[in-house]
Structure formats: C-alpha cells, structure tokens
Amino acid sequence: TGKCVLAGNWTNDLGSNMTIIMNSKCNFSGSYSTAVSETPEKIEKSPLRGSQNYRNLTQPVFGFTVNWTFTDSVTVFTGQCFVDETGKEVLKTMWLLRSHADSIKDDWTATRVGTNVFTRQPSQKE
Ligand SMILES: O=C1C=CC(=NNc2ccccc2C(=O)O)C=C1
C-alpha cells in the first residue's frame with residue numbers, strides 16, 4: 001500500500017477546497033473554502049484544526065474541526081487517507097455539521113451527518 005499524506009490541497013465532491021499544514025507529526029491546521037452556503041454571505045475561508053494517528057503513518061486516520069466564519073456552526077470530519085487502486089490519494093470522510101439552535105427545544109434538529117470524499121486539488125503546475 002502506498003503512502004497517503006494529509007498535508008497539501010484537497011477538494012471534495014461539493015467542490016469545496018481545503019489546505020492542510022502539518023504542525024507536528026500528528027497535529028495540523030489549515031483553511032477551508034466552502035463551495036456551499038445557506039446564507040448569501042460572501043464566502044470566506046474558515047480555519048480548521050485536527051490530528052492524525054500516532055503510529056501507522058502509511059494510510060493515517062484523522063479528525064478535524066472546521067469553525068465556519070460566516071455562520072454559527074461547526075463541522076467535524078473524521079476519516080482515513082487512502083491510496084486507491086490507481087495510486088491516487090483520497091480522503092474518505094464522514095462529517096457532523098452542528099448548527100446553532102436558539103433553544104434547547106430545537107437541539108434535536110441541529111446536527112446533520114453526511115459523507116465527503118476529498119481528492120488532491122490539481123496544483124497550478126498541472
Ligand atoms: O454556512 C455554512 C455552514 C456550513 C457549511 N458546511 N459545509 C460543509 C458541511 C459538511 C461537509 C462539507 C461542507 C463543505 O462546505 O464542503 C457551509 C456553509
């Protein structure tokens with residue numbers, strides 16, 4: 001199995017882009033530019049912070065949080081970095097999007113779940 005590295009630029013099936021910078025062997029930060037938004041707010045970058053597992057770094061598992069800058073919501077992603085049969089790196093993730101609820105009575109409807117696949121964002125030189 002090849003080595004899948006989290007650092008760098010990724011794009012997901014929604015067309016959103018993210019950049020990951022490894023701060024230490026296992027912790028990272030970066031920024032996320034969403035392609036979707038429920039508000040007409042100008043889309044800005046949102047910060048992300050996360051970690052990957054300590055030992056087996058060939059196809060690491062990870063988790064990270066995106067703190068959306070333009071709505072009161074956060075998304076937590078968790079998944080694994082794989083090298084697929086064609087040798088391409090891919091991030092298979094599941095996410096929870098937690099939106100701000102005005103009242104505890106609305107708590108039941110404030111969390112959405114889904115899946116996202118990220119592939120390498122073609123760098124300009126290609
Ligand atoms: O105002 C908002 C609030 C939440 C958003 N979530 N985006 C996501 C949530 C889950 C997975 C992927 C994305 C994405 O933007 O790629 C986007 C805009």
Side-chain angles (χ1 to χ4, degrees):
T1 53
K3 184 169 170 52
C4 186
V5 176
L6 273 178
N9 296 327
W10 299 92
T11 188
N12 72 4
D13 38 47
L14 298 171
S16 301
N17 296 320
M18 76 173 167
T19 298
I20 291 181
I21 302 119
M22 269 304 148
N23 303 327
S24 67
K25 281 198 188 54
C26 301
N27 298 308
F28 56 87
S29 58
S31 64
Y32 199 104
S33 298
T34 179
V36 296
S37 173
E38 294 145 354
T39 65
E41 303 278 306
K42 191 179 102 31
I43 299 303
E44 299 146 15
K45 284 183 187 299
S46 300
L48 70 87
R49 295 179 70 79
S51 302
Q52 69 179 16
N53 61 249
Y54 284 109
R55 280 175 296 280
N56 182 339
L57 295 184
T58 52
Q59 297 189 107
V61 303
F62 57 84
F64 63 90
T65 301
V66 180
N67 189 6
W68 303 108
T69 47
F70 43 89
T71 54
D72 292 326
S73 57
V74 298
T75 297
V76 293
F77 292 82
T78 191
Q80 187 166 357
C81 190
F82 289 111
V83 178
D84 71 16
E85 49 289 335
T86 71
K88 241 173 7 82
E89 292 171 300
V90 60
L91 308 183
K92 297 281 285 178
T93 74
M94 292 185 72
W95 50 261
L96 294 170
L97 165 57
R98 174 65 196 214
S99 304
H100 182 276
D102 290 338
S103 150
I104 192 167
K105 294 185 190 62
D106 303 326
D107 177 64
W108 68 277
T109 182
T111 307
R112 280 175 269 178
V113 62
T115 62
N116 261 186
V117 179
F118 291 83
T119 51
R120 280 285 179 199
Q121 195 180 336
S123 45
Q124 279 59 38
K125 58 175 175 292
E126 275 164 3

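The residues of the chain are indexed from 1 along the displayed sequence. Atoms within each ligand, like the ligands themselves, are counted from 1 in listed order.
At least one N/O-N/O distance between S16 and ligand 1 falls below 3.5 Å. The shortest N or O to N or O distance between T34 and ligand 1 is below 3.5 Å. Ligand 1 has no N or O atom lying under 3.5 Å from any N or O atom of T75, backbone or side chain.
Residue contacts with ligand 1, taken as heavy atom pairs separated by less than 4.0 Å, involve V36 via backbone and side-chain atoms alike. For N12, every heavy-atom contact with ligand 1 shorter than 4.0 Å involves the side chain, none the backbone.
Note that the NZ atom of K88 and the CZ atom of R120 stand 11.5 Å from one another [nearest 0.5 Å]. Interatomic distance, CG of D13 versus CZ of F118, reported as 7.5 Å (0.5 Å rounding).
The residue among F118, W68, Y32 with a heavy atom at the shortest distance from atom 5 (C) of ligand 1 is W68. Remark: among candidates T71, V66, T115, the nearest residue to atom 3 (C) of ligand 1 is T71, based on non-hydrogen atoms.
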| field | Step-by-step side-chain hydrogen bond (donor to acceptor under 3.5 Å, both in side chains) determination, T65 to R49 | value | CA-CA 6 Å; T65 301; R49 295 179 70 79; over 6 Å; no

| Given F62 and L91, is the side chain to side chain contact (heavy atoms under 4.5 Å, CB included) satisfied, shown in steps? | CA-CA 10 Å; F62 57 84; L91 308 183; 4.1 Å; yes

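Two residues are said to be in side-chain contact when any heavy atoms from C-beta on lie closer than 4.5 Å; S73 and L97 meet this criterion. A heavy-atom distance below 4.5 Å is not found between the side chains of R112 and L96.
Below 4.0 Å from some heavy atom of F77 lie the following atoms of ligand 1, by number and element: 11 (C), 12 (C). Each of the following atoms of ligand 1 lies closer than 4.0 Å to a heavy atom of N116: 11 (C), 12 (C). Heavy-atom proximity to F70, at under 4.0 Å, picks out these atoms of ligand 1: 1 (O), 2 (C), 18 (C).
Judged by distance alone, with hydrogens and angles left aside, the side-chain atoms of N53 form no donor-acceptor pair with the main-chain N or O of P60 at under 3.5 Å.
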